[in-house]
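Okay, so here's the structure we're looking at.
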Amino acid sequence: MSLLEIRNLHARVGGREILKGIDLTIQPGEVHAIMGPNGSGKSTLAQVLSGRDLYEVTGGEVLFDGRNLLELSPEDRAREGIFLAFQYPVEIPGVSNLYFLKAALNTIRKHKGLPELDAMDFLGVVQEKMALMEMDESLLNRAVNTGFSGGEKKRNEIFQMAVLEPRFAILDETDSGLDIDALKIVANGVNSLRSPERSMLVVTHYQRLLNYIVPDFVHVLAEGRIVKSGDKNLALELEETGYAGLEEAEAFERA
Amino acid sequence: MTSVAEQPNPYLANFPAFAARISGQAWTQRLRESAIERFAELGFPTTRDEEWRFTNVAPIARAAFEPAAYTPHAITPEQLDRRLFADSSACRLVFVNGHFAAELSCAGKMPAGVRTGSLARVLAEQPALVEPHLARYAAFENHAFVALNTALWEDGGFVWVPKGVVVEAPIHLVFVSTGGAPPAVSHPRTLIVAERASQVTIVESYLGPGGEGYFTNPVTEISTGEGAIVDHYKLQREGDDAFHVGTVQAQLGRSANFTSHSISLGGALVRSDTNAVLSEGTEVTLNGFYLAAGRQHVDHHIAVDHAKPHGASHELYKGILDGKASAVFNGRILVRKDAQKTDAKQTNKNLVLSEDAVINTKPELQIYADDVRCTHGATIGQLDPEGIFYLQSRGIGKEEARDLLTYAFARDVIDRIRVEPLRERLEQVLFERLHDHRQ
């Protein structure tokens with residue numbers, strides 16, 4: 001059975017339709033990249049899948065492991081194994097990274113019927129993942145994302161993903177604003193989490209990230225629809241022609 | 001229509017009998033008389049008074065409170081222990097309805113020379129300790145409630161720490177009201193004197209039963225010598241129908257360090273003033289936290305008087321408002337002409353959880369010196385929906401996410417509480433209140 005199945009998904013925000021019929025099927029272990037120009041609906045798709053109530057789903061369905069995903073609350077989606085790495089991670093002053101992540105992990109473990117981790121066990125899990133992300137342990141005691149640099153925030157997202165071990169991860173423009181060194185660390189973290197059970201949807205504007213996180217499939221989103229799908233070579237092709245060329249081709253095909 | 005002023009004022013009517021009954025010195029009797037005269041002139045403030053613009057005390061003025069009587073055995077030590085926040089092993093002075101309750105109090109282990117006890121008793125036994133301080137700091141000329149307290153107080157706490165002595169365990173002053181009909185008023189009066197280079201921590205707790213419309217009108221005066229360190233906590237947990245109007249007035253010596261924490265959780269109508277007068281090089285920290293829901297009204301007025309150079313004042317007040325609650329924050333900073341090199345900072349932050357809650361926040365800076373640093377800022381905000389979604393996206397439930405963010409908002413001001421049992425209980429109460437809120 002496929003892990004995620006999106007059928008004819010329509011969604012709007014503030015009365016404006018953004019997603020105009022998305023179809024996408026992802027099998028366990030696959031990494032799919034979604035590319036597209038600004039405003040094509042990439043981030044909307046990421047947010048809709050994770051349950052942001054700002055967006056109204058007006059049609060279609062999403063099945064996650066055969067279940068209707070759209071009727072689940074954001075927290076229940078997370079507990080079922082969906083993870084969104086935010087394009088703009090939110091600062092939460094007054095809540096330490098450590099407290100936050102322990103609360104999150106234990107909620108998810110409880111949901112899976114696993115025993116909750118105590119502080120010592122949790123620290124063990126966390127230290128290993130921090131080393132993977134080349135993060136300083138002092139970040140644990142700082143408030144969530146508060147005063148973090150852009151790169152630290154993005155690394156913190158992947159670090160959380162490493163700790164929470166989701167079945168399906170959505171990376172929303174995780175590469176934006178990263179220098180090449182930080183990009184390599186992030187990509188390395190993501191690649192180490194690839195497994196035959198875990199699938200990923202990598203949303204990006206630039207092909208550069210896909211040199212480091214090599215996708216199984218690439219889809220091009222334009223004006224709320226997937227207009228083209230292919231393998232990793234599609235990303236390289238886009239790098240050459242740009243989105244403008246693609247949109248012209250699309251218009252030509254539709255005409 | 002009869003106005004309040006035309007009705008017979010029970011405070012004035014009862015004063016002669018009270019003055020005849022209460023024991024004291026000739027000078028305290030004169031003080032009481034001049035205070036009641038001043039109260040007669042002032043009357044209760046109305047919302048036309050700038051200082052009371054957002055706090056309508058008409059329900060207090062209207063009510064015919066009886067003077068609160070001492071009711072021994074109204075509360076057992078066990079009942080008290082369950083309701084108190086601070087560590088019970090510290091020295092504790094308990095006042096029931098404004099009267100000293102020796103059987104509920106314990107002296108604790110105090111360093112030699114420290115004097116603690118009932119102000120009325122110390123006034124009778126050693127008036128020379130009291131006279132140089134009582135009513136010298138908390139001016140009643142322009143404050144009707146301070147005038148009432150000065151005229152009508154029966155007892156309250158007395159703490160005297162001699163030169164160079166450090167009292168490590170907090171001294172806990174507990175003011176319990178027992179309620180009952182008819183509604184009663186008490187006017188606890190506390191005097192804290194910390195001599196040169198001494199150090200002391202005082203916790204004042206106010207508590208009483210819910211569903212009772214009693215009134216507590218306390219005044220606390222604090223006087224510190226040069227280099228003294230005083231950490232003062234006022235924990236207001238009156239019953240939900242109670243009235244509380246209180247003043248803490250601190251007169252601070254050269255290079256003294258004074259920290260005040262005013263925590264307001266209870267009461268229906270609450271006004272809490274904290275005023276500090278600084279000397280050269282004095283450092284003052286005023287922290288405040290208020291949590292109000294239902295129809296509670298909580299008004300904090302703080303005033304810092306930088307009278308001399310090189311003083312510093314740091315003010316952080318935070319409030320959480322829910323339901324139809326309302327709150328006032330008024331922060332006055334006066335920097336006099338001679339107070340060069342003053343460093344004053346004021347911050348007031350409010351978290352409004354409901355559509356109907358109201359906050360009025362007002363900085364009041366009067367600066368007459370030219371080489372000073374004064375900053376102030378006020379914010380009023382709601383819980384950040386992005387933050388709630390972020391927590392949800394990691395598996396944390398929506399209600400828990402809201403609680404976590406609310407708690408996080410208050411955290412820095414609660415973290416500043418140095419009396420550990422008090423801080424822990426306060427964290428617990430905050431979580432419980434948040435939990436109740438969503439039941």
Side-chain angles (χ1 to χ4, degrees), chain A residues 46-55 72-97 99-112 114 116 143-146 153 156-157 159-161 163-166 168-170 172, chain B residues 287-291 316-320 347-353 377-417 423-424 426-431 433-435 438:
Chain A
Q47 298 258 330
V48 166
L49 291 178
S50 55
R52 184 77 163 108
D53 61 4
L54 222 59
Y55 301 91
L72 297 181
S73 65
E75 56 267 39
D76 281 336
R77 295 181 199 200
R79 292 166 190 169
E80 287 292 329
I82 290 187
F83 182 90
L84 171 66
F86 280 58
Q87 182 180 4
Y88 303 111
V90 183
E91 297 192 3
I92 311 205
V95 178
S96 78
N97 237 350
Y99 180 91
F100 159 64
L101 205 49
K102 184 163 170 269
L105 180 61
N106 278 333
T107 310
I108 290 171
R109 286 180 65 91
K110 212 168 136 189
H111 185 77
K112 287 180 180 169
L114 296 170
E116 295 186 24
V144 180
N145 294 324
T146 308
K153 284 181 182 171
N156 198 28
E157 293 292 290
F159 163 62
Q160 290 175 28
M161 172 177 156
V163 172
L164 299 179
E165 301 184 318
F168 178 61
I170 306 155
D172 188 5
Chain B
N287 297 322
F289 174 63
Y290 41 99
L291 178 62
L316 175 65
Y317 267 65
K318 282 193 159 187
I320 299 173
T347 308
N348 172 233
K349 291 187 175 177
N350 298 280
L351 177 61
V352 180
L353 298 175
T379 62
I380 300 166
Q382 280 111 35
L383 288 177
D384 173 19
E386 298 279 339
I388 293 171
F389 177 66
Y390 189 73
L391 294 172
Q392 283 181 285
S393 79
R394 300 300 184 249
I396 295 169
K398 187 172 191 177
E399 293 301 334
E400 202 189 334
R402 288 180 62 92
D403 291 356
L404 196 57
L405 292 180
T406 306
Y407 177 74
F409 168 82
R411 192 168 154 189
D412 56 348
V413 75
I414 288 174
D415 279 351
R416 292 175 182 214
I417 294 173
R423 187 180 62 239
E424 284 169 5
L426 200 58
E427 285 173 351
Q428 202 182 328
V429 162
L430 184 52
F431 268 121
R433 285 276 290 263
L434 295 173
H435 186 75
R438 59 178 148 95

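Lettering follows sequence order; numbering is per chain, from 1. Since we're looking at a predicted model, the values are computed, not measured.
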In terms of heavy-atom proximity below 4.5 Å to chain B, should [X] be classed as side chain, backbone, both, or neither?
| X | answer |
| --- | --- |
| A/T107 | side chain |
| A/R52 | both |
| A/N145 | side chain |
| A/Y99 | side chain |
| A/Q160 | side chain |
| A/P166 | neither |

Quiz item: Distance from A/I92 atom CD1 to B/L405 atom CG, nearest 0.5 Å?
Solution: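 Answer rounded to 0.5 Å: 5.5 Å.
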
Quiz item: Rounded to the nearest 0.5 Å, how far does CD of A/Q47 lie from OG of B/S393?
Solution: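 Rounded to the nearest 0.5 Å, the OG-CD separation comes out at 9.0 Å.
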
Quiz prompt | Sidechain-backbone polar pair: B/R394 side chain, A/L84 backbone, donor-acceptor under 3.5 Å | solution =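 Yes; judged by distance alone, with no hydrogens or angles, the pair exists.
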
Looking at [X] and [Y], what are the two nearest heavy atoms and their distance?
| X | Y | answer |
| --- | --- | --- |
| A/V95 | B/A408 | CG2-CB, 3.5 Å |
| B/G395 | A/A78 | N-CB, 3.3 Å |
| A/R79 | B/I396 | NH2-C, 4.1 Å |

Quiz item: For A/F86, what residues pass the ring pair (Phe, Tyr, Trp, His ring centres under 6.0 Å) criterion, not counting sequence neighbours?
Solution: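 Once residues adjacent in sequence are excluded, the partners of A/F86 under the ring pair (Phe, Tyr, Trp, His ring centres under 6.0 Å) criterion are B/F389, B/Y390.
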
Self-check item: Region of B/D384 that comes under 4.5 Å of a non-hydrogen atom in chain A
Solution: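 Looking at B/D384, just its side chain touches chain A.
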
Exceeds 12 heavy-atom contacts within 6.0 angstrom, atom [atom1] of [X]:
| X | atom1 | value |
| --- | --- | --- |
| B/K398 | NZ | no |
| A/Y88 | OH | no |
| B/K318 | NZ | yes |

Quiz item: A/E75: what forms a salt bridge (Lys or Arg N to Asp or Glu O under 4.0 Å) with it, not counting sequence neighbours?
Solution: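 A/E75 satisfies salt bridge (Lys or Arg N to Asp or Glu O under 4.0 Å) with no other residue.
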
